[in-house]
Amino acid sequence: MYKIQTLNKIASVGLNLFPHDDYEIASSITNPDAILVRSFDMHECEFSKTLKAVARAGAGTNNIPVAKLTEKGVVVFNTPGANANAVKELVLLALLLSNRKALAAAEWLKTLSGKGDEIPELAEKGKSQFVGPELKGKTLGVIGLGAIGAMVANAAVDLGMRVIGYDPFISVKSAWHLNTNVLQAETLDSLLAKSDYVTIHMPQTDETKGFINADKIAEMKNGVRVINFARGGLVNNIDMLSALESGKISMFITDFASEEFINHPKIICFPHLGASTPEAEENCAIMAVEQIRAFLEKGIIENSVNFPRVATDNPIPKNGMRLCIANRNVPGIVSKFTTILGESKLNIAGMINQNRGDVAYNIIDIDNLIAGATLTKLVLIENVMLVRPIIGYKQA
């Protein structure tokens, strides 16, 4: 029986996908095969030797010690695209709010409370202070064209905006989903120089921290409106405040709260609402559970942030087993696997080897069951991080 530990509340529609006869699920499990997590900070966690996978019900993995888990051969999954529509809709709201001063107008109207029959006339007289432009015909620059960025770009086209996208690492899948009217920026500087609005949809890494800084802001149009619903650390707060003070940026809307942002007149700050819809939470839970099951039951890796994608439609040999081996990506190591298996008179029915940077992952189907001594030899190979057998008859 597989044991699954939950570190946050995970939508039941996802958890119900675990077969009850084969899985135990609880937050109190101490030696799990896999962990399901949303926002819980795992950096101070100690991990059991039984742990094989961690799945984040969401896209970002900043709360997970990915490097530490990689060294242990633990596969870390995320759920890219599962919450994309929820974030897209909030970004569209941000675009509208950056223009129309609707929040300020609604708050001002409350000050007329008690004026009775005078309210309609007073409201008409006061509305001129809340005039704002339309989106149609304006230029939106989208930095990052992954699942969310592509959806935002397409929706903005439908709103009548001119859309410029920049993503030097765009995937073929994302490119196929882009509206043909989305223009490609040759450089980031050209996007910044042409955009009336800039929205950020990129991961936060050591290289991208503080990505929107004084230098990038200097390349932007005067009066630009900037939106960040990706990660808070992508924006240098001090530089942003300075640009708002000078008028270089006319409005900043973010989903990441900070002390200096909350009461600023040119900032609208949300409490990380991007994926806070029941639909997004359910989609993320379903996707995370499906990935965990595919990995534990079949050894398949899909949407991992630290291991390569490895998929196969081949069934596990019914009277044999599937070996899942994680190793450091060094020359000659695969031949060591095959040599040990050959010496043990074991027939390889199928084999897949993929690598991603410094790590590699192998699926080796064997027609027979493997003796414990042979598994031990594989485990003891230098640079092997994990050896996990999956017995075929359990998959029948």
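None of these values were measured; they are calculated from a predicted model. Residue indices begin at 1 and follow the sequence shown.
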* Going through the checks in order, is the side chain to side chain contact (heavy atoms under 4.5 Å, CB included) test met by R225 and I249? -> CA-CA 6 Å; R225 292 162 168 85; I249 294 176; over 6 Å; no
* Asked: With distance as the sole criterion, is a donor-acceptor pair present between the side chains of S335 and T338 under 3.5 Å?
  -> no
* Structure fact -> Heavy-atom nearest pair, M251 first then I267, reads SD-N, 4.1 Å
* Check whether more than 12 heavy atoms from other residues, nucleotides or ligands sit under 6.0 Å from atom CD1 of I238, and answer yes or no. => no
* Structure fact -> Rounded to the nearest 0.5 angstrom, the CG-CZ distance for N8 and F40 is 7.5 Å
* Asked: Within the side chain of S190, is there an N or O that forms a donor-acceptor pair under 3.5 Å with the backbone of A185?
  -> no
* ILVMFWY network linking L51 to Y361, side-chain heavy atoms under 4.5 angstrom -> no
* D358 (side chain) donor-acceptor with R328 (main chain) under 3.5 angstrom -> no
* Under 3.5 Å donor-acceptor, T50 side chain and P32 backbone -> yes
* If you draw a 6.0 Å radius around CD in E245, do more than 12 non-hydrogen atoms from other residues or ligands fall strictly inside? -> no
* Structure fact -> One should read off an interatomic distance between Y23 OH and L15 CG, to the nearest 0.5 angstrom, of 12.5 Å
* So, do F256 and F261 have ring centers that fall under 6.0 Å from each other? -> no
* To do: Can you see which heavy atom on P203 is nearest to which on T208, and at what distance?
  => O-OG1, 2.9 Å
* To do: Can you establish whether the number of heavy atoms outside K248 located under 6.0 Å from its atom NZ is more than 12?
  => yes
* Asked: For the atom pair NZ (K52) and CD1 (I292), what is the distance rounded to the nearest 0.5 Å?
  -> 10.5 Å
* Asked: Are a donor atom and an acceptor atom from the side chains of S344 and T374 found within less than 3.5 Å of each other?
  -> yes
* To do: Give the cluster check for V74 versus V359: same hydrophobic cluster or not, with ILVMFWY residues linked at side-chain heavy-atom distances below 4.5 Å.
  => no
* **K3 NZ: over 12 foreign heavy atoms closer than 6.0 Å** => no
* Is there a donor-acceptor contact under 3.5 Å from the side chain of N154 to the main chain of N179? -> yes
* Asked: Going through the checks in order, is the side chain to side chain contact (heavy atoms under 4.5 Å, CB included) test met by I364 and R322?
  -> CA-CA 6 Å; I364 307 174; R322 173 167 289 172; over 6 Å; no
* Backbone N or O of A11 within a donor-acceptor pair of the E282 side chain at under 3.5 Å? -> no
* To do: Any pair with a residue in residues 84-117 that passes ring-ring contact (aromatic ring centres under 6.0 Å, His included), sequence neighbours left out, goes on the list, sorted by first then second residue, please.
  => W108-F130
* Asked: Shared ILVMFWY cluster between I200 and V87, side chains joined below 4.5 angstrom?
  -> no
* Between L140 and R162, is any pair of side-chain heavy atoms under 4.5 Å apart? -> no
* To do: Identify whether L92 and L145 are in the same connected component of the hydrophobic contact network (ILVMFWY, side-chain heavy atoms under 4.5 Å).
  => yes
* Can you list the steps and then say if L17 with E290 is a side chain to side chain contact (heavy atoms under 4.5 Å, CB included)? -> CA-CA 8 Å; L17 295 176; E290 288 177 341; 4.2 Å; yes
* Side chain to side chain, L69 and V54, heavy atoms closer than 4.5 Å -> yes
* To do: Decide if atom CD of E260 counts as having more than 12 heavy atoms of other residues, nucleotides or ligands within a radius under 6.0 Å.
  => yes
* Asked: Is there a donor-acceptor contact under 3.5 Å from the side chain of N78 to the main chain of A59?
  -> yes
* To do: Can you measure from CG (L95) to CZ (R100) and round to the nearest 0.5 angstrom?
  => 13.5 Å
* Between E279 and N85, a side-chain donor and acceptor under 3.5 Å -> no
* Other residues, nucleotides, ligands: >12 heavy atoms within 6.0 Å of K127 NZ -> no
* To do: Take N347 and D367 through the side chain to side chain donor-acceptor pair (under 3.5 Å) test and state the conclusion after the steps.
  => CA-CA 6 Å; N347 183 57; D367 284 333; 2.6 Å; yes
* Show the numbers, then the answer: is there a side chain to side chain donor-acceptor pair (under 3.5 Å) between N213 and D215? => CA-CA 6 Å; N213 54 28; D215 291 338; 5.1 Å; no
* Heavy-atom distance under 4.5 Å between the side chains of N228 and F252, does that happen here? -> yes
* Do N306 and T70 have side-chain N/O donor and acceptor atoms under 3.5 Å apart? -> yes
* Counting N and O atoms only, with roles assigned by atom type, does the side chain of R56 sit under 3.5 Å from a partner on the main chain of G60, one being a donor and the other an acceptor? -> yes
* Structure fact -> Between the CG atom in D196 and the CD1 atom in I164, the distance rounded to the nearest 0.5 Å is 9.0 Å
* Structure fact -> Of all heavy-atom pairs linking L178 and A153, the shortest is CD2-CB, 4.1 Å
* **All side chain to side chain donor-acceptor pair (under 3.5 Å) counterparts of N31, not counting sequence neighbours** => S48
* **Q129 CD: over 12 foreign heavy atoms closer than 6.0 Å** => yes
* **Donor-acceptor under 3.5 Å (T61 side chain, I64 main chain)** => no
* **Residue pair K110, E107: steps toward the salt bridge (Lys or Arg N to Asp or Glu O under 4.0 Å) verdict** => CA-CA 5 Å; K110 293 177 184 179; E107 286 301 309; 3.0 Å; yes
* **Backbone N/O of G210 and side chain of D239: donor-acceptor pair under 3.5 Å** => no
* **Closest contact, heavy atoms only, A82 versus N283** => O-CB, 3.3 Å
* Asked: Is the NZ atom of K221 crowded by more than 12 outside heavy atoms at less than 6.0 Å?
  -> yes
* Over all heavy atoms of both residues, which pair between S250 and G223 is shortest? Give the atoms and the distance, please. => OG-O, 2.8 Å
* To do: Using the six-membered ring of F295, assess whether NZ or CZ of R388 lies under 6.0 Å from its centre and within 45 degrees of the ring axis.
  => yes
* To do: Of all the heavy-atom pairs spanning A155 and K88, show the shortest one and how long it is.
  => CB-CD, 4.3 Å
* Among residues two or more places apart or on two chains, list those pairs meeting salt bridge (Lys or Arg N to Asp or Glu O under 4.0 Å) that have a residue in residues 36-50. => R38-E281
* To do: Verify the distance criterion only: is there a donor paired with an acceptor across the side chains of D365 and N314 at less than 3.5 Å?
  => no
* Asked: Between CG of L36 and CD1 of I25, what distance do you get to the nearest 0.5 Å?
  -> 8.0 Å
* Asked: If you group Ile, Leu, Val, Met, Phe, Trp and Tyr by side-chain heavy-atom gaps below 4.5 Å, do V182 and M151 land in one group?
  -> no
* Audit row: R309, N303, side chain to side chain donor-acceptor pair (under 3.5 Å) steps and yes/no -> CA-CA 7 Å; R309 179 183 182 274; N303 292 323; over 6 Å; no
* Within the side chain of D255, is there an N or O that forms a donor-acceptor pair under 3.5 Å with the backbone of F229? -> no
* Honestly, is K216 close enough over F211, meaning NZ or CZ under 6.0 Å from the six-membered ring centre and within 45° of the axis? -> yes
* Asked: Between the side chains of N353 and N362, is a donor N or O closer than 3.5 angstrom to an acceptor N or O?
  -> yes
